[in-house]
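Following: one structure in structure tokens, then a few remarks.
Letters A, B, ... mirror the listed sequences (proteins, then strands); counts begin at 1. Every value quoted in this text rests on a predicted model; they were computed, and no experiment measured them.
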Amino acid sequence: MPYDHTKIEKKWQKFWSKNDTFKTPDFSDKPKYYALDMFPYPSGQGLHVGHPEGYTATDAMSRMKRMQGYNVLHPMGWDAFGLPAEQYALKTGHNPKGFTDQNIDVFRKQVKSLGFSYDWDREVNTTDPSYYKWTQWIFEQLYKRGLAYEDEIMVNWAPDFMGGTVVANEEVVDGKTERGGYPVYRVPMRQWVLKITAYADRLLDDLDDLDWPESIKEQQRNWIGRSEGASVQFAVDGHKDTKIEVFTTRPDTMFGVSYLVLAPEYDLVDQITTPDQKAAVDAYRKQIESKSDLERTDLNKDKTGVFTGAYGINPVNGEQVPIWIADYVLASYGTGAVMAVPAHDPRDYEFATKFSLPIKPVIEGGDLDKEAFTGDGTHINSGFLNGMDKKTAISAAIDWLTEHDAGAKKVNYRLRDWIFSRQRYWGEPIPVIHWDDGETTLVPEDQLPLTLPDTDQLEPSGTGESPLANIDDWVNVTDENGRHGKRDTNTMPQWAGSSWYFLRYIDPHNDKALADPEKLKYWLPVDLYIGGAEHAVLHLLYARFWHKVLYDLGVVPTKEPFHKLVNQGMILGDNHEKMSKSKGNVINPDEIVEKYGADTLRLYEMFMGPLEESKPWSEDGINGSYKWIQRVWRLLIDENNHLRDRVTTINDGKLDKVYNETVKKVTEDYSRMHFNTAISQMMVFVNEAHKVDDLPVEYMEGFIKMLSPLVPHVAEELWSYFHESDTISYQPWPTYDASKLVEATIEVVLQVNGKVKSHATVDKDISKDDLEKIAMADEHMQKAIDGKTVRKTIVVPGKLVNVVAN
RNA sequence: GCCGCUGUGGCGGAAUUGGCAGACGCGCUGGACUCAAAAUCCAGUUCCCUUUACCGGGAGUGUGGGUUCGACCCCCACCGGCGGCACCA
């Protein structure tokens, strides 16, 4: 009977489900292995071929680990809050819940059709009140620790994005919203903010111990952007109690300061601006206000600014320096004020050149007629710093500032606090009540979850608030004393639910706690986490932050959530371009599963190339994988649907070497997730098996076991010919006999001047001298050496002989 | 501009520690089977030169240099591709 994927895959998916094959016990004497996929956002588009790639890799690891005696946690769930559902709901006048649930059903069905060994009893859904109860609970813990606070801050306001919403810094790309590409303006607004900066150092330092791709670690380091320097106080001339604090990484250049620059939004600007400069300053600030971030950065590299009329006093030499405002200084970094040293900073140089401000060299070197000199050198014109190099001068300057109470050593971060509120409906409500008497309280823990009201009214409130503001009987609350208050109408960003979902899988039905501490202790950390690199800074940084807070609270037992992280590469279209509707190169996994089966899709995606790399889809390629599965089938099963007669308990030894090699290589390659080379080794084995008369049962069973992590349905079916109505999932993983790998003779390479001239088959334990003699006697070697003088002979036992001659 | 990754046949890719470059698959070519085709099985397939064929020779892992008996692998410079950051003081 030929291989029939349709029948086989349905049969085994039903078997696994009926027999709870992959139900994971909460505890076990076995060692644990936690293999996690980044859970998907269930979009209306359904699954694309990129999803099964990472999922297959974690599934293969899970299946192998089970067979190796591990208790494996391998769950799946849905990151189901988010804007697309709300946008669609708004358009159609429905509540996003129904639409979201439908999408989840489609996703679940698609995922199930691929035969992953998830424990479906542990499925989580971020939009389920019994789940977001705990998302809100975590928020309350953050609030109690002072890590969640409301503040009037400059936010990224996208007025054209769904009636206006605020987005996080991380969600702004090129001055536009990451989703939809709407322009972003910086405006002050009252927002919820999470104090991720309090964890900046730990988020940075703990990266070192993680088994993550270097590129992701590097991106997080850059994002956190730790920079060491000094804060320096500049007095303002004529304003006795006013000081301007600047941050600089180059306190050694203090004698080269020729002016100060404040961000246009800096709060002292009005106070210090002189009457004759007021009009110019006001006009400039007004002009800046109406610019989006994009216009302030990308579109405009040309420096602009205005003099305030005020002067600051340089603490090291008492010199008066003009104070300017300019938008090249960012209000949101450091103190929003900088000391400008045009001689040694390219940005200041550009500004000083444009506005004819003095450029005073304090380090020897470079050519100041052309550009700023940022290199190291001997300090000059710098009082007590003269003669020092950069490093010495920096520390001397900091010492001086500290002694004279004019500054101090300071560390600054590029990382900002996490703007956490969204003016949206479809998210977790922030469980806070603002009472009329000015008090702000949390919704008591025993009243969580604070559920979203059911409504079809998702139109923007028109006030910049979320649609929840329109729902009077939800917003208005009265306490037992008759005091009136209003609920916070903000909801949490999509990153909230995904920052801790891996904890909930461990104990998904617990209604007393986020998860049982003993279970967390057994299962954490996640051993393997696979997902796309696009989450390098957003999700992965937020999840680490929450995890550390929970660690400090004693809720979780580990400092870091994810021990090993792997980013699967992108699957490109057959034209080597990113799959997209407009390019018409999108492959629908449903069609592939229907035509070739899930096993073929899984096998092909793992065979395409290294997991981490991007690689193009090929229809011929998937067909090749399909044909190979059929070839395996034919090797074992005859036309009458029986095991072939060649499958026998007799072992004539012909497959000994290749079988043991295959067990070794496949086991090692799977462990390193080099699935493509593991598959190629199994292909070699099958090619050899086709050439021999007897197929020993032991080897065939071992081979099917090795096949099962990648192509579980066909493996189960083949296994059932050997062991009826049993699952292969918990069979012990095959082992190899190392003595079968070595042969009595080996082939060595004979080279002259590093070029291969001949080969020789020799005893594996041959002595160096004997090997050299054989090499010198070889006919081809003689010919190559003929007429030359042998200078040297290198003999590598068991490998080669290289004769150096000229 | 800065940081990270990457570059190997017609294509996807392999080469674990510096030791036979191109495993395995796709495609292609030839053969077997067939009335024929498809499917399947077997063989060949880096390029160039030489040869009826066998045999033989040379070049070759983005480019140029270096270290080494020996380099896809290590070092330096450069070029191309992908990704990230981008006035962060």
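With pairs defined as Watson-Crick or G-U wobble and both atom distances under 3.5 Å, the stems of at least three pairs that touch RNA chain B come out as B:1-7 with B:79-85, B:10-12 with B:24-26, B:27-32 with B:40-45, B:46-49 with B:56-59, B:62-66 with B:74-78.
Sorted by first and then second residue, the side chain to side chain donor-acceptor pair (under 3.5 Å) pairs with a member in residues 243-257 of chain A read Arg250(A)-Asp252(A), Asp252(A)-His379(A); sequence neighbours excluded. Listed by first and then second residue, the salt bridge (Lys or Arg N to Asp or Glu O under 4.0 Å) pairs that reach into residues 677-689 of chain A are Glu688(A)-Lys691(A), sequence neighbours excluded.
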Got a list of protein N/O to nucleotides 65-75 of chain B N/O distances below 3.5 Å?
| unit_1 | atom_1 | unit_2 | atom_2 | d |
| --- | --- | --- | --- | --- |
| C69(B) | OP1 | Lys792(A) | NZ | 3.3 |
| C69(B) | O2' | Asn802(A) | ND2 | 3.2 |
| C69(B) | O2 | Asn802(A) | ND2 | 2.5 |

Nucleotide N/O of nucleotides 39-43 of chain B paired with protein N/O under 3.5 Å:
| unit_1 | atom_1 | unit_2 | atom_2 | d |
| --- | --- | --- | --- | --- |
| U40(B) | O3' | Arg634(A) | NH2 | 3.1 |
| C41(B) | OP1 | Arg631(A) | NH1 | 2.6 |
| C41(B) | OP1 | Arg634(A) | NH2 | 3.3 |

Atom pairs under 3.5 Å: protein N/O with N/O of nucleotides 1-3 of chain B:
none

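Every residue two or more places apart in sequence or in another chain was checked for a salt bridge (Lys or Arg N to Asp or Glu O under 4.0 Å) with Asp574(A), and none qualifies. Partners of Phe355(A) by ring pair (Phe, Tyr, Trp, His ring centres under 6.0 Å), not counting sequence neighbours, listed by chain and number: Trp324(A), Phe351(A). Listed by chain and number, the residues in a ring pair (Phe, Tyr, Trp, His ring centres under 6.0 Å) with Tyr604(A) are Trp617(A) (sequence neighbours excluded). Partners of Trp212(A) under the ring pair (Phe, Tyr, Trp, His ring centres under 6.0 Å) rule, at least two apart in sequence or in another chain, do not exist in this structure. Listed by chain and number, the residues in a side chain to side chain donor-acceptor pair (under 3.5 Å) with Ser332(A) are Arg416(A) (sequence neighbours excluded). Checked against side chain to side chain donor-acceptor pair (under 3.5 Å), Ser758(A) has the following partners two or more places apart in sequence or in another chain: Asp778(A).
Checked against A89(B), C20(B), G13(B), the side chain of Lys615(A) finds its nearest nucleotide in G13(B). For Pro610(A), taking side-chain heavy atoms from C-beta onward, the closest of the listed nucleotides G13(B), C24(B), G4(B) is G13(B). Proximity note for Ser215(A) (side chain, C-beta onward) versus G84(B), A86(B), G4(B): the nearest is G4(B).
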